[in-house]
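Right, one structure below, let's go through it.
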Amino acid sequence: MAPPQICVIGSLNIDFVTYTPRCPDAGETLTASSLAISAGGKGANQAVACGRASFASKDTQNVSVSMIGAVGADDPYYAALLRPTLEGSGVSTTGIKQMKDNQTGSATIIVDEGAGGENRILFVPGANYTGMDNAEAVLATTRDIHLEQGVVVMQGEIPRATTLGLMQHFNDPACRSHLIFNPAPVFTEGIPLSALAGTSVLAMNETEAVLMTKTVQEFLTLPQQTQDLKPEELAPLFHKHAQVQIVLITLGAKGAYYSTITGKQGFVPSAAVEKVVDTTAAGDTFVGYFAAALAEFVATGAPLAGFDAQIDTAVQKANVAAAGCVQRKGAMQSIPFAYEI
Ligand code: RIB
């Protein structure tokens with residue numbers, strides 16, 4: 001059996017996080033509680049979640065995880081914060097380009113302590129765009145990673161054109177890898193069905209699910225307003241129009257919904273949480289934990305339909321990990337190792 005393998009292709013950011021009792025109004029200056037500078041980026045967070053999910057004990061890593069992305073060489077953030085956290089979580093960093101005359105991507109995050117740790121995020125792409133603007137060059141970086149019967153994880157924080165090129169490649173059955181696509185943020189210019197078609201897993205929150213139905217270009221003739229649809233009505237649209245194999249819709253504090261093209265579906269309630277301090281990276285934790293479970297399954301060579309028997313357990317475990325994440329401050333630093341949960 002091939003060793004389970006995950007390759008995350010995506011963003012690495014430095015997060016400037018301000019914790020505040022409430023968000024200021026337009027034109028208002030407010031004294032906030034604290035500021036933290038920490039490692040983040042949806043791609044890197046998900047890579048860390050995949051890595052940490054694969055440590056059943058402190059010394060055993062069940063899944064190999066690699067990160068492909070780009071950072072600025074002229075600022076201290078990669079060496080000081082991002083690389084140590086990735087490597088300490090069992091993630092290979094050899095596919096991360098360090099770009100001269102570029103800034104590492106950044107996110108300015110406001111965490112509203114008065115609203116249950118809810119966040120607002122402003123993302124500046126920096127090297128995530130300039131270093132990832134060529135799909136062929138990105139694919140060349142993946143050639144040393146054995147992705148046949150492996151899992152590729154992507155989000156929306158690298159250029160759209162690169163993302164579409166990579167989706168076409170990884171969704172081609174000849175490629176024999178499984179793509180998990182988390183459209184966060186959703187590209188405003190939309191996604192053609194030809195790129196989405198055959199995606200193994202489409203993982204979204206409720207807002208992203210509605211936006212995806214609107215922005216998948218050939219969905220535009222849908223008969224009804226999709227914002228009124230429930231998860232169990234949204235998911236079949238992706239199965240029917242784009243042959244997406246598994247749809248995951250996270251529902252925040254309520255839990256998560258899943259649906260497979262073979263007809264299995266279910267709601268898994270969220271795990272109990274004492275106090276939510278920061279919801280940043282909860283979605284990334286969910287995606288990474290699910291990816292690790294899927295990687296172990298697809299490495300056996302069994303057809304994806306067989307994962308129906310394990311999907312409920314995989315979603316439950318991803319929910320428990322996300323519940324662990326929201327009880328700690330920060331993005332990737334708040335993601336639990338599997339042996340902690
Ligand atoms: O999903 C959370 C992440 O989104 C943060 O770490 C931030 O970098 C933004 O990209």
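Counting starts at 1 for both ligands and their atoms, in listed order. Quick caveat, the model's predicted, so the values are computed rather than measured.
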Close-contact set for ligand 1 against [X] heavy atoms, below 4.0 Å:
X: Gly40; result: 6 (O), 8 (O)
X: Ala107; result: 7 (C), 8 (O)
X: Ala331; result: 6 (O)
X: Gly41; result: 5 (C), 6 (O), 7 (C), 8 (O), 10 (O)
X: Glu157; result: 9 (C), 10 (O)

Would you call Leu164 and Phe187 a side-chain contact if the rule is heavy atoms closer than 4.5 Å? no
Are the side chains of Glu274 and Gln327 in contact, using a 4.5 Å heavy-atom criterion? yes
Is it the case that ligand 1 has an N or O less than 3.5 angstrom from some N or O of Ile121? no
When rounded to the nearest 0.5 angstrom, what distance separates OG in Ser200 from CG in Leu179? 7.0 Å
What about Met204 and Leu196, same hydrophobic cluster or not, with Ile/Leu/Val/Met/Phe/Trp/Tyr joined at side-chain heavy-atom distances under 4.5 Å? yes
Give a yes or no on whether Ile145 and Met67 share a hydrophobic cluster (residues Ile, Leu, Val, Met, Phe, Trp, Tyr; joining criterion: side-chain heavy atoms under 4.5 Å apart). no
Using side-chain hydrogen bond (donor to acceptor under 3.5 Å, both in side chains) as the criterion, point out the one residue from Gln155, Gln46, Lys42 that pairs with Asn182. Gln46
Shortest protein contact, [atom] (heavy atom only):
atom: atom 3 (C) of ligand 1; answer: Asn45 ND2, 3.6 Å
atom: atom 5 (C) of ligand 1; answer: Asp15 OD2, 3.3 Å
atom: atom 4 (O) of ligand 1; answer: Lys42 NZ, 3.1 Å
atom: atom 2 (C) of ligand 1; answer: Asp284 OD2, 3.4 Å

Would a line drawn from the ring center of Phe170 to the ring center of Phe181 be shorter than 6.0 Å? no
With a cutoff of 4.0 Å, is Gly283 in contact with ligand 1, counting heavy atoms of the residue only? no
Tell me which one of Met212, Glu208, Gln245 satisfies side-chain contact (heavy atoms from CB on, under 4.5 Å) with Leu202. Met212
